[in-house]
> 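I'd like to ask you about the structure that follows.
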Amino acid sequence: MDLAKVFKQLKKTSEETGQASYLVGGYVRDLLLGKELRKDLDLVVEGSGLAFAKAFDKQLKEAGRLIEFPDFDTARYLLPFSETEQLELEFAGARSEAYRSTSRKPKVEPATLEKDLARRDFTINAMAVPVAVFAKAKSPSKATIVKNIVDPFGGQADLKEKIIRTPLDPNVTFSDDPLRMLRAVRFAAQLGFTIDKKTLEAIYTNRERIKIVSAERLQEELLKLLATKESSIGLILMFQTHLMDIILPEVSNLDGVEDVYGHQHKNNLVHSFKVVDNVGERTDKTWLRLAGLLHDIGKPGTKKFVPKIGWTFHGHEHLGKKMVYAIAKRFKFSKDLTEYLAKLVRWHLQPISLMDEGITDSAVRRLIVTMGDKINDLLILGRSDITTGNPFKKERRLKNYDKLEKRVAEVLERDKLRAFQSPVRGEEIMKVCGLKPGPTVGKIKEAIEEAILDGKIPNDYEPAFKYFQKIKDGYLKDAAEWEKVC
Ligand code: CTP
C-alpha cells in the first residue's frame, strides 16, 4: 500500500469518526527539512487514539497489524509497505503527559491539540499538519504545508535558525520527561543544530533527574546518539552539561591533563571523543563507536608517573574490561553487546603490541582466534585510535595497520581459522585413549590447538591426528601418575 492511499484512508476514518487527525513530530520535521520521508508516522487525533486506530483498521479490512495500548489509549499499526518494508503508524489522542518527581510513569489527560503540542520536547517536534492536506495531493507542496501547519511555538523559525528549544519553560519540559535532555544533545548531533541557551542551562539544572529514566530508554537514546555521523557534538554537550557525570561518570573521569616536572599526558576525554568520530567515519556500526568511547576508561585508574619513563597506564585494558561489565549492567545491555564491548576494550592494544613485537604468523593466528568475528572491528578501532597530530607518525602507524590487515587476510584465507578448534575432537580423543570426560581430554585438545597456532602443524585433520598420536602417551602417563599421587 502506498502512502497516498494511507493518507486517503486516514482522512476517511477522520470523516467517519468525526475525529480530526494530524501528523506530528519527526515526520513533519523531516518533511520541512527536505529529508527522505520516514516510514514511521506519529498521528494525533481528537478524542480517543485507540478508537480511531480501531476504526482505521476496520476500514482497511485488517490489512495491517493493530497493537493496542489501552492503558495509554494509544495504538500502533503495522502495515506492509513494500516487500521488505512496513509502515509504522502511532495513534494517540491529543493529551497532556506529565511525570511526577519520583515516578517514571506519566499521568495522562485528554487535551486540546495546542496543549498536546505544548507538552512535546522541542519546538521543531511540536508542529502538526492535518492529514487531509496529504490526502488531497499526493505530495503537497511546501507552500501548502506551511499554509496549513499548526505551529504555535515557532518550530519552523527554529528549524530555519537551526535551534533546539523547548516549547514551554525547559524546566517543565525536562521535568515532564528527563530523557528529553539526552534527546536534545542527540538532535544537536543528528541535525547539526545549536541548543538554545535557556534550554542548555536547564539541562545542567535538571541533570540529576535523568536518574529516574529507565535503563532501556537511556540505552536506546545513547545508541541513537552514537548512530549520528559526528557523535562528538552530542558527547561534548553531555560533558559540558554534566549529564555525562551522571550517565557515564567513567567517561567524564577521562578528562584532565596532569603535569609532573613538565611531563604531560594527553587528555583522554578529548582523545576518546575523537576516536568515536574516527570510527564513525569508517563504519556505521554503533556498537563499535561505543567501544571507541569506552576503550580507554581504565586509564584514570591505572595512571602512574614513572621517573625516566613518563606516564604509564599499564593494565588499563584489563581494568577497562571490568568497568565495561559494570556499565553494561547499569544500562542493561544485551549479552551480545556486553561481550562485544568487553572483548574490544580488553584487546584494543593487541594490534600495537603485535606491531612492536613483530607480526609473526603465529601472533596473527592467535589474534584471529582471540577475536573471532570481531577481528575486523578491532582493526578499525585500532586505526581510529590514532589521533596524533603529527602527520608523519600518523602515516607510519596507518601503514602498519595496512600491513597487519593484509597479514590477517592472508592467514584467514590460508588457515580457515574463523571458528577455530582442534580438528581432532574431544569424543575421538576419549575413544582412542579410553578416557572418560575430564581435564586430560581438554589438555590434549589444547596442545593440538597450540601446535596449530604456533605453526608446527597445519589446521587440517590428518596432520592434527598424527600429532595427537605422537603426544597422547605423554599426557596419559601424566594423568596416571597424578591419579597415583591422589
Ligand atoms: N516526544 C516527546 N518527548 C519524548 C519523545 C517524543 O515530546 N521523550 C514527541 C516529539 O514530538 C517527537 C514525537 O513525540 O517528535 C515522536 O517521538 P519519536 O518518534 O521518539 O521521535 P522523532 O521526533 O520522530 O525522532 P526520532 O525517531 O529520531 O527519535
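Remember, it's 1-based here, ligands and their atoms both numbered in the order they're listed. What you see below is based on every heavy atom in this structure, not just the backbone, and it leaves out hydrogens, waters and symmetry mates.
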> Compute whether any side-chain donor of one residue and acceptor of the other, for H348 and H316, lie under 3.5 angstrom apart.
yes

> Can a donor-acceptor pair be found between the side chains of N125 and R29 at a distance below 3.5 Å?
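Note: N125 and R29 side chains meet the donor-acceptor criterion.
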
> Salt bridge between E405 and R383, side-chain N to carboxylate O under 4.0 Å?
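Result for this pair is yes, salt bridge flagged.
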
> Mind checking what residues have non-hydrogen atoms under 4.0 angstrom from ligand 1?
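For ligand 1, the contacting residues are G25, G26, R29, R38, D42, R120, D121, N125, D177, R180, R183, R186, F187, R217, K224.
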
> Is it true that the side chains of Y77 and E68 contain a donor and an acceptor less than 3.5 Å apart?
no

> Could you give all pairs that pass the ring pair (Phe, Tyr, Trp, His ring centres under 6.0 Å) test and reach residues 208-258, with sequence neighbours left out?
Y204-H242

> For Q59 and T13, which I'm curious about, is there any donor-acceptor pair between the side chains at under 3.5 Å?
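Judged by distance alone, the side chains do pair up.
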
